[in-house]
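Step one of this worksheet: look at the structure below.
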Amino acid sequence: MTGHRTVTIPSAEAMERLGEGLAAALAPGDWIALTGPLGAGKTTLVRGLAHGLGYRGRVASPTFTLVHLYRGRLPLYHLDLYRLEGEEALRDVVDPAEMEASGAVVVEWADRAPGWIPAEALWLELAPLPAGEGRRVTARAQGRRAARLLDALPGKDGGWH
């Protein structure tokens, strides 16, 4: 099962709503891998995921701590690999099996450790559009689990292609 979809997100608020909607479909063991340049909206999307799961605290990029945990209806592990110096460094910090056994996992800068990301992760590539016209989000799924999340993306009937 593979697939992909692309949508234009016009604002930070819409990016957060995308995350909130996707959160409704998250289950323990789900992984979302985020890629895109600085300022693409990755942390804004994660904020929507956390709030969609019922977490009401502050959501910020864990750049210097590597991982944050947001507790809602489902624990959400938020990793940021921006400063990662090789996939080997992850082994000393987090246990993927422990995270996916209890919650969902979202990884910013996932392209810095692609071999560490499970094959059935939903990959979301975020790209700023010229002249402040919003962001383009391209979703790619491979495998049953990621295909389920791809199908659950909010607004797929109105803007995704």
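When reading the values below, keep in mind they use all heavy atoms of this one structure, side chains included, and skip hydrogens, waters and symmetry mates.
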Query raised in the report: How many angstroms lie between CZ in R145 and CG in L150, if you round to the nearest 0.5 Å?
Result: 15.0 Å
Report task. Is it possible for you to say whether L69 and L90 belong to one hydrophobic cluster, with membership spreading through side-chain heavy-atom contacts below 4.5 Å? Result -> yes
Query raised in the report: Who are the ring pair (Phe, Tyr, Trp, His ring centres under 6.0 Å) partners of W123, not counting sequence neighbours?
Result: none
Report task. Report yes if some heavy atom in the side chain of I32 is under 4.5 Å from a heavy atom in the side chain of L22; otherwise report no. Result -> yes
Query raised in the report: Any idea which heavy atoms bring A152 and A25 closest together, and the distance?
Result: CB-CB, 3.3 Å
Hey, can you pull the donor-acceptor pairs under 3.5 Å for the side chains in residues 99-119, sequence neighbours left out?
from: E100; atom 1: OE1; to: W31; atom 2: NE1; distance (Å): 2.7
from: S102; atom 1: OG; to: Y77; atom 2: OH; distance (Å): 3.0
from: E108; atom 1: OE1; to: T43; atom 2: OG1; distance (Å): 3.2
from: E108; atom 1: OE2; to: T43; atom 2: OG1; distance (Å): 2.9
from: E108; atom 1: OE2; to: H78; atom 2: NE2; distance (Å): 2.6
from: R112; atom 1: NH1; to: Y82; atom 2: O; distance (Å): 2.5

Query - Pairwise distance CG(L149) to CG(D30) - rounded to 0.5 angstrom - result: 4.5 Å
**Report entry** Heavy-atom closest pair, residues L53 and A23
**Finding:** CD2-O, 3.6 Å
Query raised in the report: Where does the angle between the aromatic ring planes of H51 and Y55 fall among parallel (under 30°), tilted (30 to 60°) and perpendicular (over 60°)?
Result: parallel
Requested in this report: Quick one: closest heavy-atom pair of L122 and A141, and the distance?
Outcome: CD1-CB, 4.1 Å
Query raised in the report: Is there a path of hydrophobic side-chain contacts, each under 4.5 Å between heavy atoms of I, L, V, M, F, W or Y residues, that connects L38 with L66?
Result: yes
Query raised in the report: Within a radius of less than 6.0 Å around CD of E85, do more than 12 heavy atoms belonging to other residues, nucleotides or ligands occur?
Result: no
Requested in this report: Answer whether the closest heavy-atom distance between the side chains of V67 and D80 falls below 4.5 Å.
Outcome: no
Query raised in the report: When rounded to the nearest 0.5 angstrom, what distance separates CE in M15 from NZ in K42?
Result: 9.5 Å
Query raised in the report: Rounded to the nearest 0.5 Å, what separation is found between the CD1 atom of I9 and the CZ atom of R136?
Result: 12.0 Å
**Report entry** Atom pair CD (E120) and CZ (R148), whose distance is rounded to the nearest 0.5 Å
**Finding:** 9.5 Å
Requested in this report: State, to 0.1 Å, how close A139 and L124 come at their nearest heavy-atom pair, and which atoms those are.
Outcome: CB-CD2, 3.4 Å
**Report entry** T44 side chain near V59 side chain, heavy-atom distance below 4.5 Å
**Finding:** no
Query raised in the report: Taking atom CZ of R73 as the centre, does the number of heavy atoms from other residues, nucleotides or ligands within less than 6.0 Å exceed 12?
Result: yes
**Report entry** Separation of L34 CG from L79 CG (nearest 0.5 Å)
**Finding:** 11.0 Å
